[in-house]
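A note on names: the letters A, B, ... follow the listed sequences, proteins ahead of strands, and every chain is numbered from 1.
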Number of protein chains: 2
Amino acid sequence: MHSDRVASRSAEPKDSRESRNGGGPHLDAVSLAIIEQLQEDGRRPYAAIGKAVGLSEAAVRQRVQKLLDQGVMQIVAVTDPLTVGFRRQAMVGVNVEGDVESVADALSAMDECEYVVMTAGSFDLMVEIVCEDDDHLLEVINRRIRAVPGVRSTESFVYLKLKKQTYMWGTR
Amino acid sequence: MHSDRVASRSAEPKDSRESRNGGGPHLDAVSLAIIEQLQEDGRRPYAAIGKAVGLSEAAVRQRVQKLLDQGVMQIVAVTDPLTVGFRRQAMVGVNVEGDVESVADALSAMDECEYVVMTAGSFDLMVEIVCEDDDHLLEVINRRIRAVPGVRSTESFVYLKLKKQTYMWGTR
DNA sequence: CCCAAGTCTGCGAAATCCGCAAACATCAAC
DNA sequence: GTTGATGTTTGCGGATTTCGCAGACTTGGG
């Protein structure tokens, strides 16, 4: 009945990508394929995913639940706040003296910071912020962010127009 | 039977936020509330959303479908590629001479560019790129991006660690 | 060999999704 | 005020999906 499924599952040896995985949980090729499916359509039924990756509906459901619980992925609606029409948005490059990670944690705790990443280059941190209006933007950048201990300097890039936004790194 | 619903719907006057909306389609307060619900959980049932925003299941379903068709929002699985374990990621600031938008279009056409935004500040464009490995990263930055006509210079910020990633601007 | 932990499958019940026709609201034209 | 066109909402079946659970299978010790 399902002889076609046996071949595709656990056929390949442990993927080399797993060993390169940093701290995160282990993800085999099947879980990657499931994520790929959900990157195309976050509401795709479990049965359809199962058919695509070679697993039963229940097995897909269990894997997805675990991936969500572990925080490996999240299934959400994404928009362009500028298009939705009531926010000011900017990317802020931050230079830090002392412990970068603690500064990153402090910025992550702020509601207005939607995206915080540690980087190599002329900035130590890149932070994307979403604000109500210009006043709010000004306050967040000049008062709140620069007030964090360890922040040496910042440089702002106010968003004019979002041109592309995808989440399909898996499908190439 | 559903007297509770009547009060909450279309009670408030046309929201001021609508008028500030740029080019995008008109979004009333109900659609905003629907998006908000799906930002918390992209798989939340239509009936549950309807109860939260004061609409029938079918009405929510039609609105969601339209928002997806119009490209106002997308429901997808999002991950941290670095955690998933097999990519190099970087933010690239780009300076342009001539038409910025055409350069943005050219970069948007590249698979490796996941996020392209036009900005005000010392960069004209900010581009987030996802690559297989260091070689791929090097090729994309130094050969592909700089080869685009109009690109004057670039500056790269290789990702070391993603600290925060949320999509809940609506829920504050 | 046997047990424990983890994963997958199959299945029945409950909940959800989907398409459709009718009701309703809005608005411009007459 | 009436009429009609347009767009949205509702309620309803039937098809589909989700959900919980028990049993089977695999793996890796002790």
Side-chain angles (χ1 to χ4, degrees), chain A residues 1-15 18-19 21 24-35 37-38 40-77, chain B residues 1-15 18-19 21 24-35 37-38 40-77:
Chain A
M1 181 200 286
H2 37 65
S3 57
D4 55 328
R5 194 186 303 146
V6 189
S8 59
R9 176 159 51 95
S10 75
E12 40 208 338
K14 283 184 174 263
D15 198 327
E18 294 181 38
S19 55
N21 185 335
H26 290 293
L27 295 183
D28 60 13
V30 178
S31 288
L32 265 316
I34 290 174
I35 294 175
Q37 293 288 316
L38 290 170
E40 293 177 13
D41 176 6
R43 272 182 170 262
R44 184 162 297 168
Y46 295 131
I49 298 173
K51 201 161 305 184
V53 307
L55 231 53
S56 70
E57 175 270 337
V60 172
R61 177 156 39 91
Q62 287 171 162
R63 287 213 186 208
V64 168
Q65 192 56 54
K66 195 162 79 167
L67 289 171
L68 294 173
D69 291 342
Q70 289 175 153
V72 174
M73 74 171 178
Q74 40 185 334
I75 300 177
V76 293
Chain B
M1 181 200 286
H2 38 62
S3 57
D4 55 329
R5 193 188 302 146
V6 189
S8 59
R9 176 159 50 97
S10 73
E12 41 209 337
K14 284 184 175 261
D15 197 328
E18 294 181 39
S19 54
N21 186 336
H26 289 293
L27 294 183
D28 60 12
V30 179
S31 288
L32 264 316
I34 291 174
I35 294 175
Q37 293 287 318
L38 290 170
E40 294 178 11
D41 176 6
R43 272 180 171 263
R44 184 163 297 169
Y46 295 131
I49 298 173
K51 200 161 306 183
V53 307
L55 231 54
S56 71
E57 177 268 342
V60 172
R61 176 156 39 90
Q62 286 173 165
R63 286 213 186 208
V64 168
Q65 192 56 54
K66 194 161 78 165
L67 289 171
L68 294 173
D69 291 342
Q70 289 175 154
V72 174
M73 73 170 179
Q74 40 185 333
I75 301 176
V76 294

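Rounded to a whole Å, the CD1 atom of A:Ile49 is 14 Å from the P atom of C:dC8. Between the CZ atom of A:Arg63 and the P atom of C:dT7 there is a distance of 8 Å, given to the nearest Å. Taking atom CD on B:Gln62 and atom C1' on C:dC24, their separation rounds to 14 Å, with Å as the unit. Following rounding to the nearest Å, B:Ile34 (CD1) and D:dT8 (C1') show an atom-to-atom distance of 12 Å. B:Glu57 places its CD atom 17 Å from the P atom of D:dT8, with the value rounded to the nearest Å. Rounded to an integer number of Å, the gap from B:Gln65 CD to C:dT16 C1' is 16 Å. The CG-P distance, from B:Leu55 to D:dT8, rounds to 12 Å in whole Å. Atoms CD1 (B:Ile75) and C1' (C:dC17) sit 13 Å apart, rounded to a whole Å.
Contacts between residues 41-48 of chain A and DNA chain D, defined by a heavy-atom separation below 4.0 Å, involve A:Pro45, A:Tyr46, listed by number.
A donor-acceptor pair under 3.5 Å is formed between the side chain of A:Arg43 and the backbone N or O of B:Arg44.
Here B:Arg61 lies in heavy-atom contact (under 4.0 Å) with a base.
In this structure the side chain of B:Leu27 reaches within 4.5 angstrom of the side chain of B:Val72, judged on heavy atoms. Considering only heavy atoms from C-beta on, A:Arg63 comes within 4.5 Å of A:Leu55 through its side chain.
Between A:Lys66 and the phosphate of C:dT7, there is a side-chain N or O to OP1/OP2 separation shorter than 4.0 Å.
Here the closest heavy-atom approach between residue A:Ala33 and residue A:Val53 is recorded as CB-CG1, 3.6 Å.
From A:Arg61, atom CZ reaches atom OH of A:Tyr46 across 7.5 Å, with rounding to the nearest 0.5 Å.
Side-chain atoms of B:Asp69 and B:Gln65 include a donor-acceptor pair closer than 3.5 Å.
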